There are 2 protein chains.
Amino acid sequence: MNKISQLLIEYLRVSSISFELDEHFLRELSKITTFKKYPKNTVLVQEGEYCQSLFIIKKGLLRRYTLHEGKDITLEFALEDDFIASIYSIITGRKTVDFIQTLEDSEVLIIQVEDMKKLNIDSQKSLLIGQELRNNYFLKLENRILSLQNDSAKKRYADLVANQPTIIQRASLGQIASYLGMTQENLSRIRRMVKD
Amino acid sequence: MNKISQLLIEYLRVSSISFELDEHFLRELSKITTFKKYPKNTVLVQEGEYCQSLFIIKKGLLRRYTLHEGKDITLEFALEDDFIASIYSIITGRKTVDFIQTLEDSEVLIIQVEDMKKLNIDSQKSLLIGQELRNNYFLKLENRILSLQNDSAKKRYADLVANQPTIIQRASLGQIASYLGMTQENLSRIRRMVKD
DNA sequence: ATTCCTTTTTGATAAATATCAAAGGGTTTG
DNA sequence: CAAACCCTTTGATATTTATCAAAAAGGAAT
């Protein structure tokens, strides 16, 4: 068993995927998986690219963002044992409208989704995994919508502190503020209020 | 070919599903599909139920909503040839936290997702359909997030008018306002401003 | 039409958030 | 060390949005 299989197994154990994957499947999957290290602030994916890559984060912190009317808007943070991708591009086959960058020195596993079709594996199994990934993602998005739709800026910040406390320390104020749908000045003031 | 098959075929043709379904598949699917009419303001699904139903709307308008801190919050509208469901409950198998109601006299096809497992069909095919439904849904949610995260109330309203103009006429002000994440007083004023 | 009920609009005011400009605090770099 | 840079904080003000209360406008039933 090679290093990449090992890392994949670790990922599957830690992540919310409830699947038991057999050795054969893992061996096949590891064939199309690469392991890479990137320094802080590296842009892995850029607007306008056709991006079918799935990044599984073994170490570090990544961010997906877009330019909405010229402004840099954070769409998503992804920590150790999360994955991140331009799902829009994977689904539609069109050029991505997002960027993905590292916010820290990071180590990732990269899987080209299109390569999965070439594997000698049970296609049903990979469909089921895809289904589970989509399900998890969906639950995240629904919560995010409810929060943006109804909660005050203060509440949204408090929820982020409660649910993803390390992001507060590891990302910049502006990146967090845009993720929460507010200006960085407002977030700065909220943060001060909460501290006291 | 019975009436339900007919309706299913129509749905598949009109909706964004890019699938060609063979007769066998349709015949099987129609076995577990029922057709029902409901008068306006009927609650089809209630918080606390285990709900595995998928509603395909042939006529009318439905709304999914939840009680968030006591307030009625619209999560989704669904028109003719949309589908609507408590996807949370389907995914997690837990009790739903949402309600689904008709806003007009409506006609729907109902499929119990759990029944699909019993069908004598190519399971790969049904996985692929599920995948496509999830993909479409995902794209909707991403747009919704971007809008709630960045746009002003005025812009959110304008986008709704542009993208789902009939909802403006068919749902009540309060239902639309909560969907857009604002108070109904604010929406009332915005609407007046836009008219002039 | 009259009553009753619900929804929408309006008004006055308060609170939340954005904007713009400048100052402060670090860190890196020459 | 000073200069340059980036990020964060602070201040003053404007804008947006929410809140609360009441009036107006529609609909449905009698």
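Note that the structure is a prediction, hence the values are computed from the model and not measured. Below, chain A is the first sequence line, B the second, and so on; all start at residue 1.
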> To the nearest Å, how far apart are B:Met182 CE and D:dT15 P?
Replying inline: 20 Å
>> Can you measure A:Glu185 atom CD to C:dA21 atom P for me and round it to whole angstrom units?
In response: 12 Å
> Between B:Thr96 and B:Asp98, is there a donor-acceptor pair closer than 3.5 Å when you use the side chain of the first and the backbone of the second?
Replying inline: yes
>> Taking the nucleotide of DNA chain C with the nearest heavy atom to each, does B:Leu187 or A:Asn186 sit closer to the 5' end?
In response: B:Leu187
> Among the nucleotides D:dT8, D:dT19, C:dT7, which one has an atom lying closest to any side-chain atom of B:Ser172?
Replying inline: C:dT7
>> Does C:dT10 have its OP1 or OP2 closer than 4.0 Å to a side-chain nitrogen or oxygen of B:Arg192?
In response: yes
> Which nucleotide in the list C:dT17, C:dT8, D:dT19 gets nearest to the side chain of A:Ala153?
Replying inline: C:dT17
> Donor-acceptor pair, B:Asn186 side chain versus B:Met182 backbone, under 3.5 Å?
Replying inline: no
> C:dA12 P sits how many Å from B:Arg189 CZ, rounded?
Replying inline: 10 Å
> Looking only at atom types and distance, does a side-chain atom of B:His24 sit under 3.5 Å from a main-chain N or O of B:Asn120, one as donor and one as acceptor?
Replying inline: yes
> In whole Å, what is the span from the CD atom of B:Gln149 to the P atom of C:dA18?
Replying inline: 12 Å
>> Without decimals, in angstroms, what is the distance between B:Ile190 CD1 and C:dT10 C1'?
In response: 15 Å
>> Run B:Leu75 and B:Arg63 through side-chain contact (heavy atoms from CB on, under 4.5 Å) and show every step you take.
In response: CA-CA 8 Å; B:Leu75 298 171; B:Arg63 176 176 82 109; over 6 Å; no
>> Rounding to an integer number of Å, can you tell me how far B:Tyr157 OH sits from C:dT8 C1'?
In response: 13 Å
> Which nucleotide, D:dT8, C:dT9, D:dT17, lies nearest any side-chain atom of B:Arg191?
Replying inline: C:dT9
> Which residue, B:Lys71 or A:Ser188, contacts DNA chain D at a nucleotide closer to its 5' end, judged by nearest heavy atom?
Replying inline: A:Ser188
>> How many whole angstroms separate atom CG of A:Asp151 from atom C1' of C:dT17?
In response: 16 Å
>> Tell me the interatomic distance from A:Leu180, atom CG, to C:dT17, atom C1', rounded to whole angstroms.
In response: 14 Å
> Which residue, B:Glu10, B:Glu107, B:Glu80, forms the salt bridge (charged side-chain N to carboxylate O under 4.0 Å, His left out) with B:Lys58?
Replying inline: B:Glu10
